[in-house]
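One structure is given here, and the rest of the page talks about it.
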Amino acid sequence: MKIIKKLIRYINRRRHAAGHGVHSQFAFELIMDTIHAPYSYYSYQDNKSILQHTQLSKEANTKYAELLFRLINRFNSKNILEIGSAKGINTLYLASISKQTQITCIEEDKDKTNIAQSLLANKLENIIFSSKLPMSKQSFDAIVWDLEQYPHKKEVLKTIPHLIKKDGFVVVNAINKEKENQEVWQSILQLNSLTMSFDLGTIGIGFFKPSLPKLNYDIYFKS
């Protein structure tokens, strides 16, 4: 039975990735134009060159970083919270969208933060580095959370509803790596203010847009 269920899920994920069976116009456009974008951006190559020059290219998941770029660009998110920013590889892509983009990076490892500051030397005026989550009085257009880099899961789950703006969204990486991560993603899906969500296998995307129905789409995405 498990094999059959996995096969059915895989088929549905493939169908949704091609837009089949997706009745929401918002979801259809997001899947076709952003998650599976048919075009590239000039900054992709620029960022790859920077990562090669700093010898960080082997540590980069460029497909994930480029997806973050497209999401932030599509929704014109200006104030971003990145939880578990590590060496700043994904931050590089987030910061390359616009000079108006403000990013708050949360990273506990000082050595990783030092590497990130060096990598992002030309963009530091738009980036705040911290080892602690911001106060709940602050709010963000988008929250990017890497479960592999920031382990304080209960703490983050408590703060997300207070930190995310109305109409904002959250992106969570490594949602399927272990049982605890899967439970974290399920907890996010159960938030009252979260409406439409997308499960990309390893990546979860959740929107806090009141105008959207509370639906979850299973989408194939090779990260």
Side-chain angles (χ1 to χ4, degrees), residues 5-44 61-83 90 93-94 96-98 100-103 139-146 157 160-176 182 184-223:
K5 286 182 178 180
K6 286 183 178 180
L7 179 60
I8 292 173
R9 185 189 179 194
Y10 176 77
I11 293 171
N12 286 332
R13 290 178 69 213
R14 281 287 192 176
R15 290 184 67 250
H16 288 161
H20 301 301
V22 178
H23 303 295
S24 163
Q25 186 66 25
F26 176 90
F28 182 84
E29 291 177 356
L30 185 75
I31 293 167
M32 303 306 293
D33 298 336
T34 304
I35 294 175
H36 294 291
Y39 42 80
S40 184
Y41 293 84
Y42 69 88
S43 61
Y44 288 179
N61 181 342
T62 54
K63 287 192 175 181
Y64 174 59
E66 289 172 0
L67 173 63
L68 291 178
F69 177 98
R70 294 194 298 272
L71 285 167
I72 298 302
N73 183 63
R74 179 181 182 87
F75 296 102
N76 196 29
S77 305
K78 298 299 184 185
N79 200 2
I80 304 164
L81 174 64
E82 185 183 8
I83 305 173
N90 294 326
Y93 281 78
L94 296 173
S96 64
I97 298 169
S98 168
Q100 281 71 51
T101 305
Q102 300 290 322
I103 307 169
S139 59
F140 299 89
D141 300 307
I143 297 175
V144 177
W145 180 16
D146 193 326
L157 282 173
I160 283 178
H162 304 292
L163 295 175
I164 194 72
K165 288 181 180 179
K166 180 182 177 181
D167 286 339
F169 65 94
V170 60
V171 183
V172 187
N173 189 35
I175 62 173
N176 67 341
Q182 295 171 14
V184 166
W185 176 237
Q186 290 304 312
S187 296
I188 291 174
L189 293 179
Q190 292 169 19
L191 292 174
N192 290 332
S193 52
L194 184 133
T195 52
M196 190 171 289
S197 56
F198 299 79
D199 186 327
L200 277 58
T202 60
I203 304 162
I205 307 170
F207 289 89
F208 294 78
K209 293 175 70 68
S211 60
L212 296 175
K214 199 172 184 67
L215 291 172
N216 181 66
Y217 287 96
D218 237 354
I219 308 294
Y220 177 81
F221 180 79
K222 188 176 181 181
S223 58

Kindly compute the distance separating [atom1] ([X]) from [atom2] ([Y]), expressed to the nearest 0.5 Å.
X	Y	atom1	atom2	value
Leu215	Ser24	CG	OG	7.0 Å
Ile103	Ser77	CD1	OG	10.5 Å
Ile97	Phe69	CD1	CZ	5.0 Å
Lys209	Leu194	NZ	CG	12.5 Å
Thr34	Asn73	OG1	CG	8.5 Å
Asn90	Asn61	CG	CG	7.5 Å

Less than 4.5 Å apart, any side-chain heavy atom of [X] and any of [Y]?
X	Y	answer
Ile83	Val144	no
Ile31	Ile219	yes
Leu163	Ile143	yes
Leu191	Phe208	yes
Pro210	Asp167	yes
Leu71	Leu30	yes
Tyr217	Met196	yes
Trp185	Asp199	yes

Under the side chain to side chain contact (heavy atoms under 4.5 Å, CB included) test, which residues partner [X], sequence neighbours left out?
X	answer
Thr62	Lys48, Ala60, Glu66, Tyr93
Gln102	Asn79, Asn126
Glu29	Gln25, Asp33, Arg74
Asn176	Thr202

Checklist entry - Which is it for Trp145 and Val184 under the side chain to side chain contact (heavy atoms under 4.5 Å, CB included) test, yes or no, and what are the steps along the way? => result CA-CA 11 Å; Trp145 180 16; Val184 166; 3.7 Å; yes

Checklist entry - Of all residues at least two apart in sequence or in a different chain, which pass the side-chain hydrogen bond (donor to acceptor under 3.5 Å, both in side chains) check with Lys78? => result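 Lys78 satisfies side-chain hydrogen bond (donor to acceptor under 3.5 Å, both in side chains) with Asn76 only.
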
Measure across [X] and [Y] and return the closest heavy-atom pair with its distance rounded to 0.1 Å.
X	Y	value
Pro161	Leu157	CD-O, 3.3 Å
Pro38	Met32	CD-O, 3.6 Å
Ile72	Ala142	CD1-CB, 3.7 Å

Checklist entry - Which class fits the ring pair Phe207 and Phe169: parallel under 30°, tilted 30 to 60°, perpendicular over 60°? => result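 Judged by the thresholds at 30° and 60°, the geometry between Phe207 and Phe169 is tilted.
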
Item to check | Asp141: partners by salt bridge (charged side-chain N to carboxylate O under 4.0 Å, His left out), with sequence neighbours left out | outcome: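 By the salt bridge (charged side-chain N to carboxylate O under 4.0 Å, His left out) rule, Asp141 matches Lys165.
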
Checklist entry - Would Val172 and Ile203 count as a side chain to side chain contact (heavy atoms under 4.5 Å, CB included) if you check the C-alpha gap in whole Å, the side-chain angles of each, and the deciding distance to 0.1 Å? => result CA-CA 6 Å; Val172 187; Ile203 304 162; over 6 Å; no

Checklist entry - Where do Phe26 and Leu212 land on the side chain to side chain contact (heavy atoms under 4.5 Å, CB included) test, with the steps shown first? => result CA-CA 8 Å; Phe26 176 90; Leu212 296 175; 3.6 Å; yes

Checklist entry - Quick one: does Ser197's side chain have a donor or acceptor within less than 3.5 Å of a partner on Leu189's backbone? => result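 Pair absent, no side-chain N/O of Ser197 close to backbone of Leu189.
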
Checklist entry - Going through the distances and angles, do Phe221 and Phe198 end up as a ring pair (Phe, Tyr, Trp, His ring centres under 6.0 Å)? => result CA-CA 11 Å; Phe221 180 79; Phe198 299 79; over 10 Å; no

Item to check | Leu200 and Leu67: CA distance, side-chain angles, deciding distance, side chain to side chain contact (heavy atoms under 4.5 Å, CB included) verdict | outcome: CA-CA 11 Å; Leu200 277 58; Leu67 173 63; 3.8 Å; yes

